[in-house]
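Shown next, in structure tokens, is the structure this report addresses.
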Number of protein chains: 2
Amino acid sequence: MEQEITISEEKIIEAARNVFHRKGFDGARMQEIADEAGINKAMLHYYFRSKDQLFEAVFKEALGRIFPMLLSILMSDEPIEENLKKFIPAYIDTIKKHPYLPGFVLHEMTRNPERLTNMVRSVGVASAPPKILQQLQKGMDEGRYIAIAPEQILVSVLAACIFPFVAKPMVKVALGMDDEKFDQFINQRKEQLPEFLLNGIKKK
Amino acid sequence: MEQEITISEEKIIEAARNVFHRKGFDGARMQEIADEAGINKAMLHYYFRSKDQLFEAVFKEALGRIFPMLLSILMSDEPIEENLKKFIPAYIDTIKKHPYLPGFVLHEMTRNPERLTNMVRSVGVASAPPKILQQLQKGMDEGRYIAIAPEQILVSVLAACIFPFVAKPMVKVALGMDDEKFDQFINQRKEQLPEFLLNGIKKK
DNA sequence: ATTTGAATTAACTATTTGGTTAACACACCT
DNA sequence: AGGTGTGTTAACCAAATAGTTAATTCAAAT
């Protein structure tokens with residue numbers, strides 16, 4: 001019965017991830033998580049004392065899946081061109097594996113912004129100024145890029161990667177897609193987005 | 001006591017809007033809405049039979065506040081240049097007045113995609129192919145725009161407008177902003193976004 | 001074989017919460 | 001002044017739900 005510990009705990013986390021990601025903290029039910037994991041509800045409390053702590057585990061896992069790669073975009077020393085061409089497709093691929101994750105994180109951040117503030121403070125992220133901002137600034141100073149606040153560009157890049165997943169139902173209805181078409185749309189996006197965004201910052 | 005009807009009903013809708021927009025259906029509490037409206041909880045049921053119907057009213061109101069303007073972007077006959085330069089700032093202004101609205105709508109759509117499908121079907125939106133897509137296609141055929149699927153551009157434009165509000169807590173932390181700085185950021189965005197996006201589709 | 005202790009379960013508890021109801025208030029009409 | 005009906009409230013109810021507990025199973029140590 002040694003392996004069972006990790007097996008049960010893993011089943012719980014996986015089920016909790018599914019439910020929390022789709023329904024958020026308020027919409028999630030402990031019973032539903034237990035059912036999805038195929039175990040008794042008391043087990044959830046046996047391994048994770050409370051709904052709050054189970055949620056905390058899922059939420060931290062979620063942050064761990066988006067932010068490291070995000071940081072590597074922000075902090076890369078590479079020229080922006082290579083940086084974006086490499087990381088945008090990789091980032092979209094990462095999100096594709098957990099399509100509900102961005103919406104989940106954004107919704108829970110809106111519900112409780114202090115959590116993020118505290119986490120950032122407790123982890124002690126010194127939050128150095130992103131190098132990509134400096135790169136953009138340099139390109140502008142040299143007259144290669146158009147004059148737009150680097151922060152605006154940065155947010156636009158993130159928006160372009162993340163938004164389609166957050167707005168999937170809307171996009172599907174607006175453009176008349178089924179799930180397969182939507183998947184093709186995302187794959188196409190991986191290819192075309194770097195070109196579009198880079199073209200956006202370059203001077204004519 | 002004639003005027004009281006509309007006054008109470010208006011107070012309820014306003015309170016419900018505040019609470020639903022911030023917390024979503026699952027996180028909202030009828031008692032909290034009643035408190036925020038400063039009236040008895042039974043009044044909510046007196047005017048709107050159930051939580052579901054109260055939510056429905058708020059949700060439809062929300063759709064009514066985003067989609068008409070969205071449609072006018074999609075369906076405009078104007079050249080894209082003028083279209084975007086005019087509507088992006090106007091759209092951002094609209095969202096600024098109800099900053100929690102986009103996140104609310106997106107979250108509730110994820111929670112229950114059928115609702116949207118049914119609404120669209122029931123309203124009988126024939127969902128004609130957006131003219132802006134044709135405009136983009138034409139520009140590409142004429143060699144003025146770079147070769148990128150018009151749908152990708154369209155989603156990027158929407159993403160650029162909407163995402164900052166959905167991700168406000170994240171943006172604030174990542175870029176070290178307080179609420180005032182964030183507001184300035186949005187105002188700056190209104191000015192710079194059309195330029196950036198138009199530059200993105202134009203050939204060198 | 002017996003004991004031990006962690007893993008697991010069914011049944012239970014306390015609280016929250018959407019919804020109801022019966023009484024009350026009060027403007028309006030006659 | 002008295003009756004009528006809508007608006008409003010406090011108290012209540014039933015269902016849902018997070019969390020608890022006591023009993024059970026079972027692998028591993030003795």
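Both backbone and side-chain heavy atoms feed into the values below; hydrogens, waters and symmetry mates do not. All chains are named by letter (A, B, ...) in the order of the sequence lines, taking the proteins before the strands, and each is independently numbered beginning at 1.
Counting non-hydrogen atoms of other residues, nucleotides and ligands closer than 6.0 Å to NZ of A:Lys96 gives a total above 12. Residue B:Lys23 qualifies as open at atom NZ: its count of foreign heavy atoms under 6.0 Å is 12 or below. Summarising the local packing, CZ of A:Arg49 is surrounded by 12 or fewer heavy atoms from other residues, nucleotides or ligands at distances under 6.0 Å. Enclosure of atom NZ in A:Lys181 is not indicated, since only 12 or fewer non-hydrogen atoms of other residues, nucleotides or ligands lie within 6.0 angstrom.
Phosphate proximity of C:dT8 to A:Ser8: present, with a side-chain N or O under 4.0 Å from OP1 or OP2. In terms of phosphate contacts, A:Tyr46 brings no side-chain nitrogen or oxygen within less than 4.0 Å of OP1 or OP2 of D:dT20.
Salt-bridge check for B:Lys85 with B:Glu78: failed, with every basic side-chain N at 4.0 Å or more from each acidic carboxylate O.
Contacts of residues 21-31 of chain B with DNA chain D (heavy atom under 4.0 Å): none.
One interatomic measurement links the two molecules: CG of B:Asn40 to C1' of D:dT6, which rounds to 16 Å at whole-angstrom precision.
Using modelled atom types and a 3.5 Å distance limit, the side chains of B:Gln31 and B:Asp35 yield a donor-acceptor pair.
Set against C:dA10, D:dT20, C:dT20, the side chain of A:His45 has D:dT20 as its closest nucleotide. Candidate nucleotides D:dA18, C:dG19, C:dT8 were compared by shortest atom distance to the side chain of B:Lys41, and C:dG19 ranks first. Counting only heavy atoms from C-beta on, B:Met43 has its side chain closest to D:dT9 among D:dT9, D:dA18, C:dG18.
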